[in-house]
Novice: 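Encoded as structure tokens, here's the structure I'll be asking about.
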Amino acid sequence: MKSPPSADEFEQNTMELGDRLPQIDKKRHRYPYCIVWTPIPLLTWLFPFIGHMGIAMSSGVIRDFAGPYYVSEDNMAFGNPTRYLRLNPAKIASPNNGWDTSVSSASEEYKHRMHNLCCDNCHSHVAMALNFMEYDKSSSWNMVTLAAKLFFFGKYVSFPGFLKTWLPFTILATATILLVVLL
């Protein structure tokens, strides 16, 4: 079993895509072959690396494990994506599971699961889809690996998306520092 690619390999793999894939349509919130992310109010304000994750079908329609026994389609639980990470469908190793089949299979599985913030969550749903397709010859995808990849390699949808992610944290951190200094 091959482990997920290193940071350099991952960036090289995604840079090889060129213009061969369907275009991302940010206005319609269509992100074909992407992992998408949006902040969770309060939680992301305190810990900006924690947020809500989904995975888009080849058509760009987003699927996300939004709560117990519920996988949302095209309506992310905490709002539209603010970040995305484009993946290369040519990196699918499974001969039986293509991109859409794997995303659908993971979604069907998660429609029968209880949501657990720490252990079985939206990140786990995306990891299962990638494991089904054996993305980049790996079946070791997990929520920590995905969170790190998206945090370090994800692109912001727009400047307002960047602000939605970082402004609350910056305000809270600044206020905390000022309080500590003044007291």
Novice: Can you tell me how far apart CE (Met128) and OG (Ser102) are? Round to the nearest 0.5 Å.
Specialist: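 Those atoms lie 11.0 Å apart.
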Novice: Are Leu21 and Val103 joined in one hydrophobic group, where the rule is that I, L, V, M, F, W and Y side chains link up if heavy atoms are under 4.5 Å apart?
Specialist: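 Yes: a chain of side-chain contacts under 4.5 Å links Leu21 to Val103.
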Novice: Sort out for me which residue in Arg113, Lys111, Met114 forms a side chain to side chain contact (heavy atoms under 4.5 Å, CB included) with Tyr69.
Specialist: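 The residue from Arg113, Lys111, Met114 that satisfies side chain to side chain contact (heavy atoms under 4.5 Å, CB included) with Tyr69 turns out to be Met114.
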Novice: Is any NZ, NE, NH1 or NH2 atom of the basic residue among Arg30 and Asp74 found under 4.0 Å from an Asp or Glu carboxylate oxygen of the other?
Specialist: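 So Arg30 pairs with Asp74 through a salt bridge.
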Novice: For the residue pair Ala77 and Ala66, what are the closest heavy atoms and their distance?
Specialist: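 Looking at all heavy atoms of both residues, the closest pair is CB-CB, 3.7 Å.
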Novice: Check the pair Ile24 / Arg86 against side-chain contact (heavy atoms from CB on, under 4.5 Å), numbers first and verdict last.
Specialist: CA-CA 9 Å; Ile24 290 172; Arg86 188 100 190 236; 3.6 Å; yes
Novice: Restricting to non-hydrogen atoms, name the atom on Ser104 and the atom on Met57 that form the minimum distance, rounded to 0.1 Å.
Specialist: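 The pair with the smallest heavy-atom distance is OG-CE, 3.5 Å.
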Novice: May I ask you to list the residues sharing a hydrophobic cluster with Val181, side-chain cutoff 4.5 Å, ordered by chain and number?
Specialist: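 Val181 shares its hydrophobic cluster with Ile177.
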Novice: How is the hydrophobic cluster of Leu183 composed, in terms of its other members, when Ile, Leu, Val, Met, Phe, Trp and Tyr link through side-chain heavy atoms under 4.5 Å apart, directly or indirectly?
Specialist: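 Taking Ile, Leu, Val, Met, Phe, Trp and Tyr as members, Leu183 shares its hydrophobic cluster with Leu179.
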Novice: Could you report the tightest heavy-atom contact between Arg83 and Gly154, atom names first, then the distance?
Specialist: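 Looking at all heavy atoms of both residues, the shortest contact is NH2-O, 3.1 Å.
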Novice: Work out which heavy atom in Tyr135 is nearest to a heavy atom in Asn88; give both atom names and the distance.
Specialist: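 Closest approach of Tyr135 to Asn88: OH-N, 2.8 Å.
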Novice: Under the side-chain hydrogen bond (donor to acceptor under 3.5 Å, both in side chains) test, which residues partner His115, sequence neighbours left out?
Specialist: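 So His115 forms no side-chain hydrogen bond (donor to acceptor under 3.5 Å, both in side chains) with any residue.
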Novice: Aromatic contact between Tyr33 and Trp99, with the criterion being ring centroids under 6.0 Å apart: yes or no?
Specialist: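 Centroid separation for Tyr33 and Trp99: below 6.0 Å.
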Novice: Working to the nearest 0.5 angstrom, can you tell me the gap between Lys91 NZ and Asp136 CG?
Specialist: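 Taking NZ in Lys91 and CG in Asp136, the distance rounds to 5.5 Å.
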Novice: Decide side-chain hydrogen bond (donor to acceptor under 3.5 Å, both in side chains) for Asn131 and Ser139; before the verdict, give the C-alpha distance in whole Å, the side-chain angles of both, and the deciding distance to 0.1 Å.
Specialist: CA-CA 4 Å; Asn131 287 333; Ser139 57; 5.4 Å; no
Novice: For the residue pair Ser107 and Val71, what are the closest heavy atoms and their distance?
Specialist: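 Looking at all heavy atoms of both residues, the shortest contact is O-CG2, 3.4 Å.
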Novice: Should Glu134 and Ile92 be marked as a side-chain contact (heavy atoms from CB on, under 4.5 Å) after you check the CA-CA gap, both sets of side-chain angles, and the distance that decides it?
Specialist: CA-CA 6 Å; Glu134 296 175 33; Ile92 296 171; over 6 Å; no
Novice: Walk me through whether Val157 and Tyr84 qualify under side-chain contact (heavy atoms from CB on, under 4.5 Å).
Specialist: CA-CA 7 Å; Val157 170; Tyr84 66 96; 3.9 Å; yes
Novice: Under the ring pair (Phe, Tyr, Trp, His ring centres under 6.0 Å) test, which residues partner Tyr110, sequence neighbours left out?
Specialist: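 Ring pair (Phe, Tyr, Trp, His ring centres under 6.0 Å) check on Tyr110 returns Phe65, His125.
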Novice: Quick one: do Leu87 and Leu146 end up in the same hydrophobic cluster if we chain Ile, Leu, Val, Met, Phe, Trp and Tyr together by side-chain heavy atoms under 4.5 Å apart?
Specialist: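 Both belong to a single hydrophobic cluster.
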Novice: To the nearest 0.5 Å, what is the distance between OG1 on Thr38 and CZ on Phe78?
Specialist: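 Going from the OG1 atom of Thr38 to the CZ atom of Phe78 covers 9.0 Å.
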Novice: Is the shortest side-chain heavy-atom distance between Leu167 and Lys164 below 4.5 Å?
Specialist: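 Side-chain contact under 4.5 Å: no.
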Novice: Within the 4.5 Å heavy-atom criterion, are Glu73 and Ile62 side-chain neighbours or not?
Specialist: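 No - every pair of side-chain heavy atoms lies 4.5 Å or more apart.
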Novice: Please tell me whether Thr145 and Asn142 have a donor and an acceptor in their side chains that are separated by less than 3.5 angstrom.
Specialist: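 The answer is yes; a qualifying pair exists.
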Novice: Could you tell me which residues satisfy ring pair (Phe, Tyr, Trp, His ring centres under 6.0 Å) with His123, sequence neighbours excluded, listed by chain and number?
Specialist: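 Per chain and number, His123 pairs via ring pair (Phe, Tyr, Trp, His ring centres under 6.0 Å) with no residue.
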Novice: Going hydrophobic residue to hydrophobic residue with side-chain gaps under 4.5 angstrom, can you get from Met76 over to Leu163?
Specialist: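 Per the 4.5 Å side-chain linkage, Met76 and Leu163 are not co-clustered.
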Novice: For the atom pair CH2 (Trp37) and SG (Cys122), what is the distance rounded to the nearest 0.5 Å?
Specialist: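 Reported to 0.5 Å precision, the distance equals 10.5 Å.
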Novice: Would you please say whether a donor-acceptor pair under 3.5 Å links the side chains of Trp166 and Tyr156?
Specialist: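 Distance-only check passes for Trp166 and Tyr156.
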Novice: Find the distance between CG (Leu85) and NZ (Lys155) and round it off to the nearest 0.5 Å.
Specialist: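 Taking CG in Leu85 and NZ in Lys155, the distance rounds to 9.0 Å.
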Novice: Measure across His112 and Glu108 and return the closest heavy-atom pair with its distance rounded to 0.1 Å.
Specialist: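 Closest approach of His112 to Glu108: CD2-O, 3.0 Å.
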Novice: Going from NE2 on His29 to CG on Asn75, what distance comes out if it is rounded to the nearest 0.5 angstrom?
Specialist: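 If I round to the nearest 0.5 Å, the distance is 10.5 Å.
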Novice: Say whether Val126 and Leu150 are linked into one hydrophobic cluster, either directly or through other cluster members, by side-chain heavy-atom distances under 4.5 angstrom.
Specialist: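 Hydrophobic grouping puts Val126 with Leu150.
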Novice: Compile the donor-acceptor pairs under 3.5 Å between side chains in residues 41-56 and protein atoms, sequence neighbours left out, one pair per line.
Specialist:
| from | atom 1 | to | atom 2 | distance (Å) |
| --- | --- | --- | --- | --- |
| Thr44 | OG1 | Ile40 | N | 2.7 |
| Thr44 | OG1 | Ile40 | O | 3.1 |
| Thr44 | OG1 | Ile50 | O | 2.6 |
| His52 | NE2 | Asp64 | OD2 | 2.5 |

